[in-house]
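Have a look at the structure below, then the notes.
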Amino acid sequence: MRGEAAGRDGGGARGRREQVLSFLLPMSYYQEDFFREYLKMMANMVILNLLICISLAFWIVSMTASTYYGLVVGFILTVANYSFFSSLFVFFVTSSKLTKWKKDIKKQIDSEYKEGGQRNWIQVFCNGGVPTELALLYMIENGPGEIPIDFSKEYTASWMCLSLLGALACSAGDTWASEIGSVMSKSKPRLITTWEQVPVGTNGAVTLVGLISSLLGGMTVGIAYFVTQLIFVTDLEISAPQWPIIVFGAAAGLLGSIVDSYLGATMQYSGFDQTIGMVVNHETKDSKRISGKPILDNNAVNLFSSVIIALVLPGTAWFFWPRG
């Protein structure tokens, strides 16, 4: 009896060990497959990011002297979220093309026009510094990857995504307004603070063409973000609608241009130099003041504008965003 009991106990122990092993082995195989797929995905992501940045390097070298700064910004945004990168890419490409567009006319009205639209590291920082910081915070909080904008499920991530979108759309809107409005508007620009007619090139001056262009510039950035979401986000069907991205991108472009114009009209010097027949951004012996005080330069105005829109847009979007 004791031997039979021992046999039963031994058989039961072996059975339990086999059950445990049969339970653990599939889990180990599953974990091994999971980590193998994870490493493959990360390797593909790194390779894709490097290919994108190397391709951008050849394009940026011919356009700007701040290659390394632009590559750092592009790499960080690409690693964080492909929607971030596509928005940045659309902003830089369209802005660079528009800067070179009708350059012969712009040379006659802009005393600081640069051939080819070159950007220095300060300009890259003022336009890309806020998005880069937000992308880093996004990765610290959520890790790299695409997340749908949904305040009810991902409040912090949605706030950061819209803040970054607002900063880029603001920069795009201001650039589109300046580059298109200055050469396409048939009417003289008006100073945004007094609504008086002022010479073309005056800081803080707006036109209807420029304002419409700023809205379209922000909308273009929003469309790039939205399309990338459609391609890479897998759970859109259970998330809040994403189409408002385009609307708020357009709003950020328009409002960013208005904020930029107000800061330019009040805190950036504009004067008309009789010698060269152009508006200048600093006082000269032959210049007559039009508006503004010499507090900020154009780069600082761009930076403050993007910061303001990045802070305001998420809160406004949270109030109006449709819930899933």
Side-chain angles (χ1 to χ4, degrees), residues 87 90-91 94-95 98-99 109-110 123 126-131 134 162-223 225 244-270 279 281 290-320:
S87 302
V90 167
F91 160 59
T94 58
S95 299
L98 286 174
T99 302
I109 59 177
D110 187 354
Q123 290 172 311
C126 291
N127 287 297
V130 174
L134 289 167
L162 281 171
S163 186
L164 187 144
L165 172 67
L168 289 175
C170 169
S171 298
D174 174 59
T175 303
W176 281 46
S178 301
E179 302 299 338
I180 297 177
S182 61
V183 296
M184 292 298 293
S185 179
K186 302 300 181 182
S187 60
K188 291 191 67 175
R190 292 180 178 273
L191 196 64
I192 195 170
T193 52
T194 63
W195 213 242
E196 296 178 356
Q197 288 188 342
V198 290
V200 177
T202 302
N203 297 306
V206 298
T207 62
L208 179 60
V209 174
L211 292 175
I212 294 175
S213 299
S214 66
L215 186 142
L216 294 176
M219 181 182 294
T220 302
V221 173
I223 291 173
Y225 194 111
I245 292 173
I246 301 175
V247 177
F248 285 105
L254 177 61
L255 293 176
S257 177
I258 293 174
V259 171
D260 188 280
S261 297
Y262 181 80
L263 292 176
T266 55
M267 298 186 181
Q268 192 175 0
Y269 176 85
S270 292
V279 174
N281 296 324
I290 300 174
S291 63
K293 297 179 180 180
I295 300 175
L296 303 175
D297 63 1
N298 191 59
N299 294 322
V301 168
N302 291 338
L303 177 61
F304 281 116
S305 300
S306 63
V307 169
I308 291 171
I309 298 301
L311 292 173
V312 171
L313 187 69
T316 306
W318 173 83
F319 188 78
F320 291 103

| Identified side chain to side chain contact (heavy atoms under 4.5 Å, CB included) partner of Leu311 from the options Val307, Leu313, Ile308 | Val307
| query | Hey, which of Ser182, Ser185, Ser187, Ser214 is the one that makes side chain to side chain contact (heavy atoms under 4.5 Å, CB included) with Val209? | reply | Ser185
Pairwise side-chain contact, [X] with [Y], heavy-atom cut-off 4.5 Å (strictly under):
{"X": "Trp195", "Y": "Val206", "answer": "yes"}
{"X": "Lys188", "Y": "Val200", "answer": "no"}
{"X": "Leu162", "Y": "Trp318", "answer": "no"}
{"X": "Trp176", "Y": "Thr220", "answer": "yes"}

Is it true that a side-chain atom of [X] and a backbone atom of [Y] form a donor plus acceptor pair closer than 3.5 Å?
{"X": "Thr202", "Y": "Pro199", "value": "yes"}
{"X": "Thr94", "Y": "Phe91", "value": "yes"}
{"X": "Thr99", "Y": "Ser95", "value": "yes"}

| field | Distance-only side-chain donor-acceptor flag, Asn281 / Asn203, under 3.5 Å | value | yes
Measure the spacing between [atom1] of [X] and [atom2] of [Y] and express it to the nearest 0.5 Å.
{"X": "Leu168", "Y": "Leu165", "atom1": "CG", "atom2": "CG", "result": "7.0 Å"}
{"X": "Ile245", "Y": "Ile223", "atom1": "CD1", "atom2": "CD1", "result": "11.5 Å"}
{"X": "Leu263", "Y": "Ile258", "atom1": "CG", "atom2": "CD1", "result": "12.0 Å"}
{"X": "Tyr269", "Y": "Ile295", "atom1": "OH", "atom2": "CD1", "result": "14.0 Å"}
{"X": "Ile192", "Y": "Ser291", "atom1": "CD1", "atom2": "OG", "result": "11.5 Å"}
{"X": "Met184", "Y": "Leu208", "atom1": "CE", "atom2": "CG", "result": "12.5 Å"}

Minimum heavy-atom separation for [X] and [Y], please, with both atom names.
{"X": "Leu303", "Y": "Ser306", "value": "O-OG, 2.8 Å"}
{"X": "Ala177", "Y": "Ser257", "value": "CB-OG, 3.7 Å"}
{"X": "Val221", "Y": "Ala172", "value": "CG2-CB, 3.6 Å"}
{"X": "Val301", "Y": "Gln268", "value": "CG2-OE1, 3.6 Å"}
{"X": "Ile309", "Y": "Gly166", "value": "CG2-O, 3.5 Å"}

| request: Using the test side-chain contact (heavy atoms from CB on, under 4.5 Å), find all partners of Leu134 that sit at least two apart in sequence or belong to another chain. | output: Val130, Ser163, Leu164
